[in-house]
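Please find one structure pasted underneath; my questions will follow.
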Protein chains: 2
Amino acid sequence: MASYHHGDLRRVLLGTAADAIAESGPAALSLRELARRAGVSHAAPAHHFGDKAGLLTAFATQGFDLLADALRQAGDDLLDTGVAYVGFAVRHRAHFDVMFRPELYRAGDPELAAARARSGELLRGGVARHTGREPDADALAAWSIVHGFATLWLSGALPPRVGDDPEAAARTVIRRLFD
Amino acid sequence: MASYHHGDLRRVLLGTAADAIAESGPAALSLRELARRAGVSHAAPAHHFGDKAGLLTAFATQGFDLLADALRQAGDDLLDTGVAYVGFAVRHRAHFDVMFRPELYRAGDPELAAARARSGELLRGGVARHTGREPDADALAAWSIVHGFATLWLSGALPPRVGDDPEAAARTVIRRLFD
DNA sequence: CGCGCAATCTTGTCATCGACAAGATGACAG
DNA sequence: CTGTCATCTTGTCGATGACAAGATTGCGCG
């Protein structure tokens, strides 16, 4: 074993990174630990991603793509879009944790910027369809409330009384925005 | 020089940590770098804080106290309270960055829990006074929207069109919640 | 078929870091 | 003046990220 040409290392490393980050956060991520889990040498990850920031750049890009998928699947309804945003954050906690921490990766990377723009467009589109108004302020308010709820939920800062179903709680909260 | 008994090391280290974290984020924080900036030996910080998590626990505690001060100064108006929350995040970026990342510190620390409870009470109080309703859902929505806006602002994710005055933009956004 | 080339992965190394242990210094009490 | 204790230093260890150099393998091209 330890055969050269693993063949799928890049994809495996990204998957392993998701597990590791979900367990202990992006700060505790270690390239060598990833290599160990994947059964390759300690320097193998560097070949595919250059360095740690490179790996996290690829990881964040994957995250923005996954978010775009989730928002597309949610359909046209703004409430559903918001719930889907929170659902994405909970289900892909590791990606979400990295995506909005640009000091961890290369925010100027073209692929990443493209993926981020795609998901941002989906978010703004949903808001525009719902309100009919100039979407700027409404989109910002909607984005803020779902992003804030997701962040607070993931950080464990919310009191237990909120319950254990983040998407149901998010639905209630988002509704306050359109009372 | 290198006189023993610096006398004020603990406070100086917390201040230096604020600078360092504001520059490169909590992940890049190095105890040895703090020691260098403070002009003490590489092991001096450990004496006061035990380890890195200990330092960040103290730092987060200080943050929750600063947040409570800021909310108190904002007075009774809910809109002002929300704007103050965002203002705190922008003005004390380093503290805010750490406070809601419990994997970096000892979330169970008694002093920290007390400080967090104090600031949380101020937040909930402001909402209850404003709406008169059962504060749970309203408080959660208000907290989410200001926390989300602050987080997005700090992460640089917001489009330039939002402007360069976070508190003014926050005021506009929060108003959407009570239209 | 086989030769060379390039992508993939390994081994080795260095500076830095967090944590720990042991010792030096000096403030302060009695 | 002396002992005690908090404060700080020096020394060390294992782990990490980054880099350099080399080994292995798949693949195209003659």
Side-chain angles (χ1 to χ4, degrees), chain A residues 1-21 23-60 94 98 101-107 109 111, chain B residues 1-21 23-60 94 98 101-107 109 111:
Chain A
M1 92 141 299
S3 72
Y4 271 68
H5 283 188
H6 179 290
D8 217 14
L9 228 203
R10 186 186 163 94
R11 212 166 47 85
V12 167
L13 285 174
L14 285 176
T16 307
D19 296 341
I21 295 174
E23 286 168 22
S24 339
L29 184 67
S30 145
L31 291 183
R32 288 170 111 107
E33 170 67 19
L34 290 192
R36 246 167 288 155
R37 294 202 200 187
V40 293
S41 84
H42 67 83
H47 173 72
H48 290 278
F49 301 104
D51 56 7
K52 199 172 183 174
L55 184 146
L56 290 175
T57 302
F59 191 71
V98 173
R101 213 156 298 166
E103 77 274 11
L104 295 179
Y105 56 82
R106 281 184 270 278
D109 181 90
E111 277 191 60
Chain B
M1 73 146 299
S3 73
Y4 272 66
H5 283 189
H6 180 289
D8 217 14
L9 227 205
R10 186 186 164 94
R11 210 165 50 83
V12 168
L13 285 174
L14 285 175
T16 308
D19 296 342
I21 295 174
E23 285 168 22
S24 338
L29 183 67
S30 145
L31 292 183
R32 288 169 111 107
E33 170 66 19
L34 291 191
R36 248 166 315 200
R37 294 202 201 189
V40 293
S41 84
H42 66 85
H47 172 72
H48 289 279
F49 301 104
D51 56 8
K52 199 172 182 173
L55 184 147
L56 290 175
T57 302
F59 191 70
V98 173
R101 213 155 297 167
E103 77 274 11
L104 295 179
Y105 56 81
R106 281 184 270 278
D109 180 271
E111 277 191 59

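Proteins come first, then strands; the chains are lettered A, B, ... in the order of their sequence lines, and each starts at number 1.
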Between dT8(C) (P) and Arg11(A) (CZ): distance, integer Å: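 Whole-Å distance recorded here is 15 Å.
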
Summary of salt bridge (Lys or Arg N to Asp or Glu O under 4.0 Å) pairs that have at least one residue in residues 24-34 of chain A, sequence neighbours excluded: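 As it turns out, the salt bridge (Lys or Arg N to Asp or Glu O under 4.0 Å) pairs with a partner in residues 24-34 of chain A, which skip direct neighbours, are Glu33(A)-Arg36(A), Glu33(A)-Arg37(A).
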
Atom pair distance, as rounded to whole Å: CG in Leu104(B) and P in dG18(C):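 That distance rounds to 13 Å.
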
Selection residues 39-49 of chain A - residue pairs positive for salt bridge (Lys or Arg N to Asp or Glu O under 4.0 Å), sequence neighbours left out: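 Applying salt bridge (Lys or Arg N to Asp or Glu O under 4.0 Å) to every pair that reaches into residues 39-49 of chain A, excluding sequence neighbours, yields nothing.
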
Separation of dT7(D) P from Asp8(B) CG (nearest whole Å):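 That distance rounds to 12 Å.
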
Which atom of Leu104(A) lies closest to which atom of Leu56(A), heavy atoms considered: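 Taking every non-hydrogen atom into account, O-CD1, 3.6 Å.
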
Rounded distance (Å) that lies between atom P of dT25(C) and atom CG of Leu9(B):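 These atoms are roughly 18 Å apart.
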
Gap between atoms NE2 and C1', on His47(B) and dA24(C) respectively (whole Å):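 Rounding to the nearest Å, NE2 of His47(B) and C1' of dA24(C) are 14 Å apart.
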
With Arg106(B) via side chain to side chain donor-acceptor pair (under 3.5 Å) - residues at least two apart: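 Partners of Arg106(B) by the side chain to side chain donor-acceptor pair (under 3.5 Å) criterion, ordered by chain and then number, come out as Asp51(B).
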
dA7(C) OP1/OP2 closer than 4.0 Å to side-chain N/O of His48(A):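 Checking dA7(C) against His48(A), no side-chain N or O comes under 4.0 Å of OP1 or OP2.
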
Do any side-chain atoms of residues 42-50 of chain B form donor-acceptor pairs under 3.5 angstrom with protein atoms, and if so which ones, sequence neighbours left out?
none

Rounded distance in Å - CG (Leu34(B)) to P (dT16(C)):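 In whole Å, dT16(C) P and Leu34(B) CG are 16 Å from each other.
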
Listed partners of Ala28(B) passing side-chain contact (heavy atoms from CB on, under 4.5 Å), at least two apart: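 Expected list: Ser24(B).
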
Protein-to-nucleotide contact annotation, 5' to 3' order, nucleotides 11-19 of chain D [B base; S sugar-phosphate only; - none; under 4.0 Å, heavy atom]: BB---SBBB

